[in-house]
Amino acid sequence: MESLTNAAEEQQPSSPLTNSWSIKQESSKNQKTKGVGGFVLVHAGAGYHSESKAKEYKHVCKRACQRAVDQLKAGALAVEAVAAALVELEDSPFTNAGMGSNLNLLGEIECDASIMDGKSLHYGAVGAISGIKNPVLVAKRLLSEAQKGKLSAGRIPPCFLVGRGAHDWAVSHGIPPCPSEKMATKFSLSAYKRNKRKMELAEKMDTGDQTKKRRQSSENENGSACLDTVGAVVVDLEGNVAAAVSSGGLAMKHSGRVGQAAHYGCGCWAENACNMNPYSTAVSTSGCGEHLIRTMLARECSAAMQSEDAHQALLEAMQNKFISESLTCSLVPTSFHTQRALEFLWSHTTESMCVGYMSAQDSKAKTHISRLPPGTVPGQSLAIEGGVCRLINVVE
């Protein structure tokens, strides 16, 4: 069977990946520190980013960074800024999140999203939600409502809602609904029609050998077939961190399926430095949710990032905690960059990785699409892609 195609990429092949962004902040009880002026790092989702759409991917990452930085300059905390970045990513028809998300088996759009505040450790998430243009805003509202404390009669406020309940809660809290048909784009609709025809053709094959061969072919090609979760991490002017993710999920997924983008410790993680953790960390993942959920990759990366050697710690965490548990593939060497008091790096085994980053002192965001060397074969069932950002205190 041919691979299922992604709504955003249409006919271009892509591959699932896992992006892990991490921010680390060194702390000292005896030294007074100051913030680095705010910083945002975003990614446009797991998969192959075609040359023909490279400008669009870079532009949406630039816009997302600018939205977050504008919030930071206005005095917003990290959780507000990271949500602003995600809204921009969700509104793009070229990403698999919000508008233009992949359609499920029934031809419907169901989205997942989550957000975490490193200062309070509060978390909000929605799963398989339909009819909401920006799922991350529902997740953020769940987080903020939970921070207000108990409800009437001592009830505990929810932090994770799914399906119709999530939709109704969002509307009751002032988030306007959006008809699902308006969230579909020409890309997502055409991809759904092609995928449906491929599935119908595959189901007509009767013999076990033919079905097995076709299934294997599908698995091989699915590795380059879909974009996934978009995400961002932010550090604000006060040094607080936050992370968020949003996804339309896998193409032709079962109705009601919830991926890693909504699960606690799987889609994102954010935690300010404390007595137990010398570093502040913020992580955003993207890839095949079923594998990420089993390994709780976001939290695993956060824990690993408490190591002094950020680069090596992340590579080992992804190799030992994720790749070895999921499939056999090699991790591509890491790119390393330094900006002011920030150090960040990324690595991947998928065809490409699109990132954008910007500090509050920058006049514009920088973007980059890194690609595998020619002839390199990415993981076929599930591939992994990652990045890490290290923030070092500036001592007065």
Side-chain angles (χ1 to χ4, degrees), residues 1-17 45-50 52-53 93-112 127-131 162-164 178-229 247-262 286-293 326-327 350-351 377-383:
M1 186 177 76
E2 294 181 69
S3 65
L4 301 184
T5 53
N6 180 296
E9 270 303 319
E10 194 153 11
Q11 294 185 350
Q12 284 81 5
S14 63
S15 175
L17 58 84
Y48 173 75
H49 303 82
S50 68
S52 64
K53 293 186 176 69
F94 297 99
T95 61
N96 177 28
M99 297 291 293
S101 290
N102 286 328
L103 276 63
N104 64 18
L105 282 172
L106 300 180
E108 301 169 340
I109 288 179
E110 293 182 324
C111 299
D112 305 326
I129 187 173
S130 297
V162 300
R164 186 67 190 181
C178 177
S180 294
E181 56 268 23
K182 289 188 177 182
M183 293 181 65
T185 65
K186 63 179 182 179
F187 301 117
S188 62
L189 289 172
S190 61
Y192 172 73
K193 292 176 181 178
R194 286 195 305 275
N195 291 333
K196 190 173 183 180
R197 288 196 297 268
K198 293 171 186 176
M199 290 183 63
E200 291 172 348
L201 179 61
E203 290 168 357
K204 291 180 181 179
M205 302 191 68
D206 298 325
T207 66
D209 289 342
Q210 288 178 317
T211 302
K212 181 178 180 180
K213 290 179 181 179
R214 190 66 66 138
R215 184 181 299 116
Q216 290 174 341
S217 174
S218 172
E219 289 175 352
N220 292 344
E221 294 172 2
N222 273 340
S224 60
C226 29
L227 293 176
D228 201 67
T229 308
S247 179
L250 301 177
M252 306 304 285
K253 63 182 179 179
H254 283 278
S255 176
R257 180 259 190 187
V258 177
Q260 104 285 349
S286 179
C288 180
E290 281 66 21
H291 293 284
L292 290 166
I293 291 168
S326 307
L327 79 163
T350 55
E351 284 111 320
V377 179
Q380 295 177 338
S381 173
L382 175 68

A side-chain contact here means heavy atoms from C-beta on lying under 4.5 Å apart; do Leu189 and Leu103 qualify?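 Answer yes - side chains close enough.
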Check whether any side-chain N or O of [X] sits under 3.5 Å from a backbone N or O of [Y] as a donor-acceptor pair, and report yes or no.
X: Ser190; Y: Lys186; result: yes
X: Asp228; Y: Gly45; result: no
X: Lys253; Y: Gly248; result: yes
X: Glu110; Y: Gly256; result: yes

Who pairs with Arg257 by salt bridge (charged side-chain N to carboxylate O under 4.0 Å, His left out), at least two apart in sequence or on another chain?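 Checked Arg257 against salt bridge (charged side-chain N to carboxylate O under 4.0 Å, His left out); matches are Glu290.
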Please name the pair of heavy atoms, one in [X] and one in [Y], separated by the smallest distance, quoted to 0.1 Å.
X: Gln260; Y: Thr229; value: NE2-OG1, 3.1 Å
X: Gly127; Y: Ala262; value: CA-CB, 4.2 Å
X: Ala261; Y: Asp112; value: CB-CB, 3.9 Å
X: Ser101; Y: Gly98; value: OG-O, 2.8 Å
X: Thr185; Y: Gly100; value: CG2-CA, 3.5 Å
X: Ser255; Y: Glu108; value: OG-OE1, 4.3 Å

Test log, rule side-chain contact (heavy atoms from CB on, under 4.5 Å), inputs Lys53 and His49: CA-CA 7 Å; Lys53 293 186 176 69; His49 303 82; over 6 Å; no
Look up atom [atom1] in [X] and atom [atom2] in [Y], then write down how far apart they are to the nearest 0.5 Å.
X: Cys111; Y: Asn104; atom1: SG; atom2: CG; value: 10.0 Å
X: Met252; Y: Lys196; atom1: CE; atom2: NZ; value: 7.5 Å
X: Phe187; Y: Asn102; atom1: CZ; atom2: CG; value: 13.5 Å

Set of residues satisfying side chain to side chain donor-acceptor pair (under 3.5 Å) with respect to Glu181, sequence neighbours excluded: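 None.
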Only counting residues at least two apart or in another chain, list the ones meeting side chain to side chain donor-acceptor pair (under 3.5 Å) with Arg164.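 Checked Arg164 against side chain to side chain donor-acceptor pair (under 3.5 Å); matches are Asp168.
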Partner set under side-chain contact (heavy atoms from CB on, under 4.5 Å) for Lys182, not counting sequence neighbours: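 side-chain contact (heavy atoms from CB on, under 4.5 Å) list for Lys182, sorted by chain: Cys178, Pro179.
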side-chain contact (heavy atoms from CB on, under 4.5 Å) involving Ser180 - partner list, sequence neighbours excluded: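 Ser180 satisfies side-chain contact (heavy atoms from CB on, under 4.5 Å) with Ser130 once adjacent residues are dropped.
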Where do Asn195 and Lys198 land on the side-chain contact (heavy atoms from CB on, under 4.5 Å) test, with the steps shown first? CA-CA 5 Å; Asn195 291 333; Lys198 293 171 186 176; 4.1 Å; yes
